[in-house]
Asks: 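I'd like to ask some things about the structure below.
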Number of protein chains: 2
Amino acid sequence: MATIYEVSKLAGVSLATVSRVINKNPRVSDKTRQKVLDAMAELGYRPNSIAQSLASNISNSVGILVSELHGPFFGQMMAGIESELRAAGKHVIITTGHSEEDKEKDGIEFLISRNCDAIILHVEAVSDAYLIDLCKGKMPVYFMSRLVEGLNDHCISLDNELGGYLATQSVIAQGHSTIAYIAGPQFKADAKDRLAGHKRALAESNIPFSDTLYFEGDFKETGGSDGLNHFLESKQEFSALICANDEMASGAITYARERGFSLPKDLSIIGFDNIIFARHTYPKLTTIDNPVNLMGTMAAKLVLKNIYKQKNMSITHSFEPTLITRDSLICKS
Amino acid sequence: MATIYEVSKLAGVSLATVSRVINKNPRVSDKTRQKVLDAMAELGYRPNSIAQSLASNISNSVGILVSELHGPFFGQMMAGIESELRAAGKHVIITTGHSEEDKEKDGIEFLISRNCDAIILHVEAVSDAYLIDLCKGKMPVYFMSRLVEGLNDHCISLDNELGGYLATQSVIAQGHSTIAYIAGPQFKADAKDRLAGHKRALAESNIPFSDTLYFEGDFKETGGSDGLNHFLESKQEFSALICANDEMASGAITYARERGFSLPKDLSIIGFDNIIFARHTYPKLTTIDNPVNLMGTMAAKLVLKNIYKQKNMSITHSFEPTLITRDSLICKS
DNA sequence: TGTTAGAATTAAACCGTTAAAATTCAAAGT
DNA sequence: ACTTTGAATTTTAACGGTTTAATTCTAACA
């Protein structure tokens with residue numbers, strides 16, 4: 001690959017001049033600029049962004065850490081961030097944390113060492129204290145789907161407690177009073193908040209929270225089937241099932257039918273997240289919308305505004321979940 | 001962030017010695033090594049991988065270009081590549097091409113300029129000629145889900161033609177003879193190959209291919225509903241519907257039910273890819289398995305073997321699709 | 001014609017690391 | 001005691017750019 005040096009030689013100008021035309025610095029005459037441009041074209045020159053990054057301390061790329069690369073939730077999130085950033089000519093460096101503390105830290109270190117201009121994190125295993133400490137460093141850090149105490153400006157978050165409340169309230173509004181709940185892993189803040197919202201709605205209607213109608217799932221399809229199986233084995237009565245995310249709800253729906261249920265007649269089910277596939281279950285899944293794609297673009301806008309100094313960026317830090325009514329939740333018969 | 005220079009000063013040794021302990025070069029005495037290690041710990045030193053990359057021309061990261069960040073197909077693919085590479089201590093830089101020629105080229109340029117040690121591409125819009133040319137360059141390039149003429153060693157591919165054949169053959173084996181087909185975008189090689197397989201199976205059974213039972217979809221849910229709607233409007237008779245991927249099949253299933261179909265009785269449907277959600281449609285989707293996650297790990301192994309010189313890597317370049325029998329395809333009544 | 005301001009350009013230092021060549025050092029061989 | 005040898009270490013020059021300060025060039029003005 002041709003270097004800036006070869007370009008400068010061919011064009012008969014200095015390195016600095018070539019650098020200036022690369023960076024669209026106006027302090028170069030049209031004549032000279034053209035000479036340089038021609039030379040670059042002739043050599044097929046392309047700036048080495050590693051070298052640029054080292055010299056200028058700007059990489060035009062922002063680091064992203066997600067828990068997983070697959071799954072509808074992270075897919076939408078990454079897509080939201082990337083499209084917004086890409087439109088502004090910035091690139092994205094993605095790595096994973098797998099919801100494990102060590103791997104999350106490792107991923108963060110990697111992004112920092114890659115000289116990103118900023119990093120956007122979706123971390124679940126790492127402590128608030130660690131994050132607060134991290135924010136004291138030189139690298140600008142932003143958080144997706146997590147509200148860190150005192151770092152509100154750095155967070156784009158969803159009111160998961162409200163979402164959890166909304167889900168349960170909707171179920172109660174349909175006349176259900178024996179309600180099973182499959183939670184997400186409780187070390188994850190969003191799973192915990194959703195459960196808290198569930199409990200608040202329950203309390204508000206004077207329905208006691210019952211341990212026997214509670215199951216901690218894994219946020220995956222198997223969590224839904226395992227949870228439902230658990231409840232069924234325990235011979236509990238319940239007319240509605242709340243799942244802390246749509247994947248578990250899908251698993252539960254499929255498993256319910258395997259166990260001979262007719263849905264939604266025999267059991268009402270509600271999910272959370274409103275993933276694309278939620279409208280392709282049968283019955284179509286009633287769920288709580290989590291505008292994760294939008295939140296992704298917002299996180300991107302946040303760094304565009306703060307780091308790349310773009311104007312006219314209005315930022316919303318906090319998002320509210322809404323109920324999406326479909327077919328899987330009906331009146332208690 | 002502390003630099004190697006500060007470490008060397010604190011430890012009282014030269015830059016080169018510090019560099020040697022960073023790189024685990026044995027040519028340094030235990031005593032000195034310890035001094036350096038202590039200094040690094042005290043300063044919280046972390047090598048700047050940008051500078052390392054510039055100096056050594058090795059980045060320990062491999063670039064990945066996918067069409068989209070969301071969607072089950074790419075999710076599985078990225079996850080497969082990443083997990084294998086991560087286990088070997090390598091990192092991944094992901095960017096997107098959005099199935100558009102310009103963006104694909106732009107993404108490739110970005111990855112090259114980032115000094116990746118190799119790049120793995122899932123490109124759809126760019127021509128074979130361009131790729132052949134690209135391979136002549138200095139950057140090692142590998143292709144996912146695409147077979148480029150003469151570049152077999154660089155490709156990890158699925159026999160899509162066979163998959164298409166398999167799907168149609170299975171449908172015919174169930175007694176169907178009026179078969180509608182919703183294809184993927186025909187500028188994509190895999191979509192074209194799947195269609196070719198479909199036609200071969202048809203021909204083999206002396207069933208004529210009918211333009212009126214063909215629809216070119218977009219590989220998304222809407223492609224399925226639009227396609228089915230198109231066939232329904234045209235008052236064609238057909239007892240089975242083949243979709244070139246599972247997302248379109250899901251869309252078709254949902255739409256069929258909206259139009260009052262009872263599935264699978266009124267219409268048999270088969271998909272392609274075997275995405276996670278295929279088992280959560282109702283009826284559960286019969287489909288063709290596309291081991292894209294496995295292919296991802298294989299692509300990673302390929303670069304681990306060729307670029308990072310790891311031993312004991314046995315590579316499979318070509319994968320075969322298999323039929324996954326579930327509930328959405330039944331005998332013609 | 002001689003100044004001079006301002007624009008265009010260049011030279012040189014720097015970014016944080018690796019690596020080849022040069023140097024120091026200690027132990028072994030004669 | 002004096003090389004020889006090989007390991008440990010340092011020196012110095014890359015890597016491919018950016019950027020500041022210094023310099024040259026132009027053209028306008030008195």
Side-chain angles (χ1 to χ4, degrees), chain A residues 1-37 39-40 43-61 91 109-117 137-139, chain B residues 1-37 39-40 43-61 109-117 138-139:
Chain A
M1 183 66 83
T3 73
I4 196 174
Y5 177 73
E6 301 169 45
V7 174
S8 82
K9 214 168 56 173
L10 181 59
V13 301
S14 73
L15 297 183
T17 302
V18 178
S19 174
R20 246 178 263 113
V21 351
I22 292 171
N23 296 294
K24 308 204 192 313
N25 182 320
R27 261 187 175 29
V28 42
S29 70
D30 290 348
K31 185 154 41 82
T32 317
R33 184 194 322 284
Q34 199 50 56
K35 268 195 307 189
V36 174
L37 255 19
M40 296 198 329
L43 293 168
Y45 169 77
R46 165 154 299 276
N48 177 327
S49 60
I50 290 290
Q52 287 182 313
S53 175
L54 181 61
S56 68
N57 213 29
I58 289 173
S59 63
N60 281 313
S61 59
H91 279 270
E109 301 279 13
F110 169 72
L111 294 175
I112 291 178
S113 79
R114 288 304 291 192
N115 240 36
C116 296
D117 298 332
K138 206 175 140 303
M139 173 70 67
Chain B
M1 184 66 83
T3 72
I4 197 175
Y5 176 73
E6 300 169 45
V7 174
S8 81
K9 214 168 58 174
L10 180 59
V13 301
S14 73
L15 296 184
T17 301
V18 178
S19 174
R20 248 178 262 113
V21 351
I22 292 170
N23 295 295
K24 308 206 192 312
N25 183 321
R27 264 188 172 32
V28 42
S29 71
D30 290 348
K31 185 153 41 79
T32 317
R33 185 195 321 284
Q34 199 50 56
K35 268 195 306 189
V36 174
L37 256 18
M40 296 198 327
L43 292 169
Y45 169 78
R46 165 154 299 275
N48 177 328
S49 62
I50 290 291
Q52 288 182 312
S53 175
L54 181 61
S56 68
N57 214 27
I58 289 174
S59 64
N60 281 313
S61 60
E109 301 280 11
F110 170 71
L111 293 175
I112 292 178
S113 80
R114 288 301 297 193
N115 239 33
C116 296
D117 298 331
K138 207 176 139 302
M139 173 69 68

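Computed from a predicted model, the values in this text were never measured in an experiment. What you see below is based on every heavy atom in this structure, not just the backbone, and it leaves out hydrogens, waters and symmetry mates. We name chains A, B, ... by the order of the sequence lines, and we start the count at 1 in each one.
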Asks: Just verifying a value: how many Å separate Gln52(A) CD and Ser113(B) OG, rounded to the nearest 0.5 Å?
Replies: 7.5 Å
Asks: Kindly state each residue pair satisfying salt bridge (Lys or Arg N to Asp or Glu O under 4.0 Å) with at least one member in residues 44-54 of chain B, sequence neighbours excluded.
Replies: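 Residue pairs passing salt bridge (Lys or Arg N to Asp or Glu O under 4.0 Å), neighbours aside: Glu109(A)-Arg46(B).
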Asks: Are any side-chain N or O atoms of Arg20(A) and backbone N or O atoms of Asn25(A), one a donor and one an acceptor, separated by less than 3.5 Å?
Replies: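 Here the side-chain-to-backbone pair does not exist.
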Asks: At their closest point, which heavy atom of Met139(A) faces which heavy atom of Cys116(A), and how far apart are they?
Replies: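 So the minimum-distance heavy-atom pair works out to CE-O, 3.1 Å.
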Asks: What's the angle between the local helix axes at either end of the helix from dT1(C)-dA30(D) to dT30(C)-dA1(D), using five pairs per end and rounding to 10 degrees?
Replies: 60°
Asks: In B/S/- notation, 5' to 3', how is nucleotides 8-17 of chain C contacted by protein heavy atoms closer than 4.0 Å?
Replies: SBBB---BBB
Asks: Excluding sequence neighbours, so at least two apart, what forms ring-ring contact (aromatic ring centres under 6.0 Å, His included) with Phe110(B)?
Replies: His91(A)
Asks: Could you give the distance from OG (Ser53(A)) to CG (Asp117(A)), rounded to the nearest 0.5 Å?
Replies: 7.5 Å
Asks: Can you tell me how far C1' of dA20(C) sits from CG of Asn57(B), to the nearest Å?
Replies: 16 Å
Asks: Can you pull the contact range of chain A along DNA chain D, 5' to 3', using atoms under 4.0 angstrom from its heavy atoms?
Replies: dG16(D) to dT19(D)
Asks: As a quick check of understanding, evaluate side-chain contact (heavy atoms from CB on, under 4.5 Å) for Lys35(B) and Val13(B), giving each step before the final call.
Replies: CA-CA 9 Å; Lys35(B) 268 195 306 189; Val13(B) 301; 4.2 Å; yes
Asks: Between Ser19(B) and Leu15(B), is there a donor-acceptor pair closer than 3.5 Å when you use the side chain of the first and the backbone of the second?
Replies: no
Asks: Can you sort out the partners of Thr3(B) under side-chain hydrogen bond (donor to acceptor under 3.5 Å, both in side chains), two or more places apart, ordered by chain and number?
Replies: none
Asks: Taking the side chain from Ser8(A) and the backbone from Val18(A), do they hold a donor-acceptor pair closer than 3.5 Å?
Replies: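 No, because the side chain of Ser8(A) does not come within donor-acceptor range (under 3.5 Å) of the backbone of Val18(A).
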